[in-house]
Colleague: 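Following this message is one structure expressed as structure tokens.
Note that these values count all heavy atoms, side chains included, but never hydrogens, waters or copies made by symmetry. The chains referred to below are lettered A, B, ... by the order of the sequence lines, with proteins before strands, and numbering in each begins at 1.
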Amino acid sequence: MRRLTESFYVRDVLEVAPELVGKILVRRFDDGREECYVITETEAYRGEEDLACHASKGRTPRTEIMYHRGGYVYVYLIYGMYWMLNVVTGHDGHPQAVLIRGLEGVSGPGKITRRLQIDKSFYGEDLLYSNRLWICEPESIGSIEIEAYPRIGVDYAGDYWKNLPWRFVKK
DNA sequence: TCGACGATTGCC
DNA sequence: GCAATCGTCGAG
């Protein structure tokens, strides 16, 4: 399978997030074993003006990676027990990321990182060159149907930002 | 330094 | 309905 390259990730998150649905997430473990999963659900977080995006609080040690060019991994801990897997998108200086919410056979962002053994050590991982995590174009080039819904768990962001249809689900 | 809170999950 | 559990960030 062909690995996605820089030009795929260095675009606006609203282009990348829906296109990641249907792509193949590959995890290579220390013992050399590889597991592939079809991405089924994503969410877009876009810039400092997006009150649901962590970057809305500005540049901090945690959000730093989101300010880099697309293709890096942003991982953070939520509720003290779940790691969230995100893909940085866009150009340098424009904080954006896509939360990977679902894989085929794995429903829920916390379950994804538990299944794939992804933790803080993946913060800043480069999907373009990593030998333990990357994303590929699927072999079959069939068209994929996608539906858009509001993002989950962001009520704190206020009516406008919480209602935007920035969650993308494979039909 | 301290305390409130969270892009979730699973059990009561 | 709600507890688990801890890094992050803003307040003091």
Side-chain angles (χ1 to χ4, degrees), chain A residues 4 8-23 25 27 35 37-91 93-127 130 133-135 146-171:
Chain A
L4 297 179
F8 178 87
Y9 299 107
V10 184
R11 292 181 294 155
D12 192 275
V13 68
L14 293 179
E15 291 182 56
V16 180
E19 287 187 33
L20 274 176
V21 175
K23 296 293 189 286
L25 180 67
R27 170 77 165 99
E35 290 186 1
Y37 297 86
V38 176
I39 296 173
T40 58
E41 185 174 348
T42 64
E43 272 179 5
Y45 289 86
R46 187 173 186 269
E48 295 183 341
E49 67 272 24
D50 177 2
L51 296 182
C53 180
H54 290 164
S56 64
K57 290 174 181 168
R59 203 163 183 149
T60 68
R62 182 176 67 152
T63 63
E64 172 66 25
I65 196 66
M66 277 201 279
Y67 287 78
H68 287 61
R69 62 120 173 97
Y72 289 103
V73 170
Y74 169 42
V75 170
Y76 66 90
L77 184 69
I78 190 66
Y79 299 117
M81 55 184 96
Y82 300 106
W83 296 102
M84 299 288 105
L85 171 62
N86 298 256
V87 176
V88 175
T89 67
H91 289 85
H94 295 261
Q96 305 184 333
V98 177
L99 170 64
I100 307 299
R101 284 198 73 87
L103 304 177
E104 213 162 78
V106 190
S107 182
K111 295 178 183 173
I112 289 175
T113 53
R114 198 176 54 187
R115 175 82 71 89
L116 299 188
Q117 297 173 36
I118 288 170
D119 59 18
K120 180 79 175 177
S121 75
F122 281 79
Y123 181 94
E125 192 84 2
D126 194 338
L127 294 172
S130 173
L133 187 69
W134 62 92
I135 301 176
I146 297 171
E147 295 179 320
Y149 302 94
R151 295 174 290 183
I152 300 291
V154 295
D155 289 358
Y156 63 84
D159 288 339
Y160 177 73
W161 296 102
K162 88 177 185 194
N163 289 323
L164 291 174
W166 286 3
R167 178 163 62 99
F168 306 97
V169 185
K170 186 168 181 284
K171 197 185 269 185

Colleague: If the threshold is 4.0 Å, N to carboxylate O, is there a salt bridge linking A:Arg115 and A:Glu35?
Modeller: no
Colleague: Which heavy atom of A:His68 sits nearest to which heavy atom of A:Val88, and what is that distance?
Modeller: O-CG1, 3.5 Å
Colleague: Whole-Å distance between B:dA7 C1' and A:Ile112 CD1?
Modeller: 12 Å
Colleague: Is A:Lys111 close enough to B:dG10 that one of its side-chain N or O atoms is under 4.0 Å from OP1 or OP2 there?
Modeller: yes
Colleague: Do NZ/NE/NH1/NH2 and the carboxylate oxygens of A:Arg101 and A:Glu43 come within less than 4.0 Å?
Modeller: yes
Colleague: Is there a side-chain contact between A:Leu20 and A:Leu4 in this structure, where contact means two heavy atoms from C-beta onward sitting under 4.5 Å apart?
Modeller: yes
Colleague: Side chain to side chain donor-acceptor pair (under 3.5 Å) with A:Tyr67: which of A:Arg59, A:His94, A:Glu48?
Modeller: A:Glu48
Colleague: Assess the side chains of A:Gln96 and A:Tyr74: does a donor N or O sit below 3.5 Å from an acceptor N or O?
Modeller: no
Colleague: Within residues 97-105 of chain A, find the residues that approach DNA chain B with a heavy atom at under 4.0 Å, and present them sorted by residue number.
Modeller: A:Leu99, A:Arg101
Colleague: Can you tell me the distance, in whole Å, between the CG atom of A:Leu164 and the P atom of B:dA7?
Modeller: 16 Å
Colleague: Output the rounded distance in Å from OH (A:Tyr74) to C1' (B:dG6).
Modeller: 11 Å
Colleague: Hey, are the side chains of A:Leu116 and A:Tyr37 touching, using non-hydrogen atoms and a 4.5 Å cut-off?
Modeller: yes
Colleague: Establish, with yes or no, whether the OP1 or OP2 oxygen of B:dT8 is under 4.0 angstrom from a side-chain nitrogen or oxygen of A:Arg151.
Modeller: no
Colleague: Expressed in angstrom and rounded to an integer, what is the separation of A:Asp155 atom CG from B:dT8 atom C1'?
Modeller: 14 Å
Colleague: Can you tell me the Watson-Crick or wobble partner of C:dT5, both distances under 3.5 angstrom?
Modeller: none
Colleague: Between A:Tyr9 (side chain only) and A:Val16 (backbone N and O only), is there a donor and an acceptor less than 3.5 Å apart?
Modeller: no
Colleague: Keeping A:Thr40 on the side-chain end and A:Gly102 on the backbone end, is there a donor-acceptor pair under 3.5 Å?
Modeller: yes
Colleague: Show each protein N/O and nucleotides 5-9 of chain C N/O combination with a separation under 3.5 Å, one pair to a line.
Modeller:
unit_1, atom_1, unit_2, atom_2, d
C:dT5, O2, A:Tyr79, O, 2.2
C:dT8, OP1, A:Lys120, NZ, 2.9
C:dC9, OP1, A:Thr60, OG1, 2.3

Colleague: Both distances below 3.5 Å, Watson-Crick or wobble geometry, any strand: find the nucleotide opposite B:dA7.
Modeller: none
Colleague: Which part of the nucleic acid does A:Arg167 contact within heavy-atom distance under 4.0 Å: base, sugar-phosphate only, or nothing?
Modeller: nothing
